[in-house]
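Within every chain, numbering begins at 1; the chains are lettered A, B, ... in the order of the sequence lines, protein sequences first and strands thereafter.
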Number of protein chains: 2
Amino acid sequence: MAQPHELRERGLRLTPQRELVLKAVRTLGHATPEEVAEEVRKTHPGINLSTVYRNLETLENVGLVQHAHLGHGGVRYHPAEEEIHAHLNCEKCGAIIEVPLDATASFTQSLIDNYGFHTDLSHLAIAGRCEACFIKP
Amino acid sequence: MAQPHELRERGLRLTPQRELVLKAVRTLGHATPEEVAEEVRKTHPGINLSTVYRNLETLENVGLVQHAHLGHGGVRYHPAEEEIHAHLNCEKCGAIIEVPLDATASFTQSLIDNYGFHTDLSHLAIAGRCEACFIKP
DNA sequence: AACTATCTGCGAATTACCTGCAACTAGTGT
DNA sequence: ACACTAGTTGCAGGTAATTCGCAGATAGTT
């Protein structure tokens, strides 16, 4: 009997590709599937992009990673265990500012109170302009 | 000299396609380009999807419509003159709840104060669950 | 070692959106 | 009314991101 492993614990097979995809997400922080693939290819050049997509989906299903929609460029994945935060995405320079969720708590609470809407701000970026880009458009 | 028209006033030619695209956005409220095309085709069956895309872009450039990223499905367009609001998008049932921006003002102000980040919440939807879907997953 | 469900690689399909270009036409000047 | 020209349109094709089908490979079990 194998020792418990975070992947096997969740009913997943332990393949090199899968482990590397998870590791890449943890290394990169907020990465697109394409970036994850590139990171994985450093040690496993043959990995197919479909495999990356499928593993990201699988890993999300078991709660190890999450995706968010940050700005206009596609989806980005991040590790689920990291401190949950909202993303502020500067439309001009592309910077992503992370905001701890307690800064958003009163806002999300008011949405519940007034609209019965339960939100997860970590799921997508809030678009806008960072200080620098706001001052000098 | 023609009488002023909202399109011509902005330096645009007055084509049937253009007028119909604008009218469709106003009729539909929050529509994808595809939905706009379908609406336009009710009275102008021949319109090409590219024309819809180009007109949406053009109309946005002159400030008559705006786009927002609502949830996972692509971009949606809405008339610019309507009251600006944020969108709450239920991930489960797809409902879109409109929230007047003054409900979000204190939150956006705190982002400016704490992060120097100037945001436009009308530009994209906040993901979450509406009351009904929250209670019964 | 054999077995089998899961997983991977690959190629093709799909979706959403964009581009180049020739033909068309709205608005202007005559 | 007629011609002119730049803004527009339709069409065909292109790209980028993501998904799918399937045959072969392989992790974990017996």
Quick check: B/His30 with B/His85 (ring centres under 6.0 Å apart)? yes
With sequence neighbours excluded, tell me which residues meet salt bridge (charged side-chain N to carboxylate O under 4.0 Å, His left out) with B/Glu39. B/Lys42
Go through the side-chain N and O atoms of A/His87 and A/Glu98 and say whether any donor and acceptor fall under 3.5 Å apart. no
Less than 4.0 angstrom between a side-chain N/O of B/Asn55 and OP1 or OP2 of D/dT9, yes or no? yes
Gap between atoms CZ and P, on A/Arg10 and C/dT6 respectively (whole Å): 19 Å
What residues 57-65 of chain B contributes to the DNA chain C interface at heavy-atom separation below 4.0 Å is none
Using OP1 and OP2 only, check whether a side-chain N or O of B/Arg54 sits under 4.0 Å from D/dC11. no
Exactly one of B/Thr43, B/Thr51, B/Leu49 should register a side chain to side chain contact (heavy atoms under 4.5 Å, CB included) with B/Ile47. Which one does? B/Thr51
Work out which heavy atom in B/Val25 is nearest to a heavy atom in B/His78; give both atom names and the distance. CG1-C, 3.6 Å
When every non-hydrogen atom of B/Ile112 is compared with those of B/Phe117, the smallest separation belongs to CG1-O, 3.3 Å
Can you measure B/Asn48 atom CG to C/dA16 atom C1' for me and round it to whole angstrom units? 14 Å
Interatomic distance, B/Glu35 CD vs C/dC17 C1' [rounded to whole Å]: 16 Å
Got a sec, which residues hit ring pair (Phe, Tyr, Trp, His ring centres under 6.0 Å) with B/Phe107, two or more places apart in sequence or on another chain? A/Phe107
Between the protein and nucleotides 12-14 of chain C, are there any N/O to N/O pairs under 3.5 Å, and if so, what are the atom names and distances?
none

Heavy-atom pair of closest approach, residues B/Pro33 and B/Tyr77: CG-CE1, 4.0 Å
How long is the line joining CG of A/Leu49 and P of C/dT8, in whole Å? 13 Å
OP1 or OP2 of D/dT18 sitting under 4.0 Å from any side-chain N/O of A/Tyr53? yes
Rounded to the nearest angstrom, tell me the gap between atom CD in A/Glu34 and atom P in D/dA16. 10 Å
With no hydrogens and no angle check, is any side-chain donor or acceptor of B/Glu19 less than 3.5 Å from a backbone partner on B/Pro16? no
Could you tell me the separation between the CG atom of B/Leu56 and the C1' atom of D/dT8, rounded to a whole number of Å? 15 Å
If we count only N and O atoms by modelled type, under 3.5 Å, do the side chains of B/Glu57 and B/Asn61 hold a donor and an acceptor together? no
Where along residues 12-23 of chain B does a heavy atom fall under 4.0 Å from DNA chain C? B/Arg13, B/Leu14
Using the side chain to side chain donor-acceptor pair (under 3.5 Å) criterion, which residues pair with B/Gln17? Sequence neighbours excluded. none
Counting any heavy atom closer than 4.0 Å, what does B/Ile47 reach on the DNA or RNA strands: base, sugar-phosphate only, or nothing? sugar-phosphate
Assess whether a salt bridge exists between B/Arg26 and B/Glu6, defined as any Lys/Arg side-chain N lying under 4.0 Å from an Asp/Glu carboxylate O. yes
For D/dG10, does either OP1 or OP2 sit under 4.0 Å from a side-chain N or O belonging to B/His44? yes
Spacing of A/Tyr77 atom OH relative to D/dA17 atom P, expressed in whole Å: 14 Å
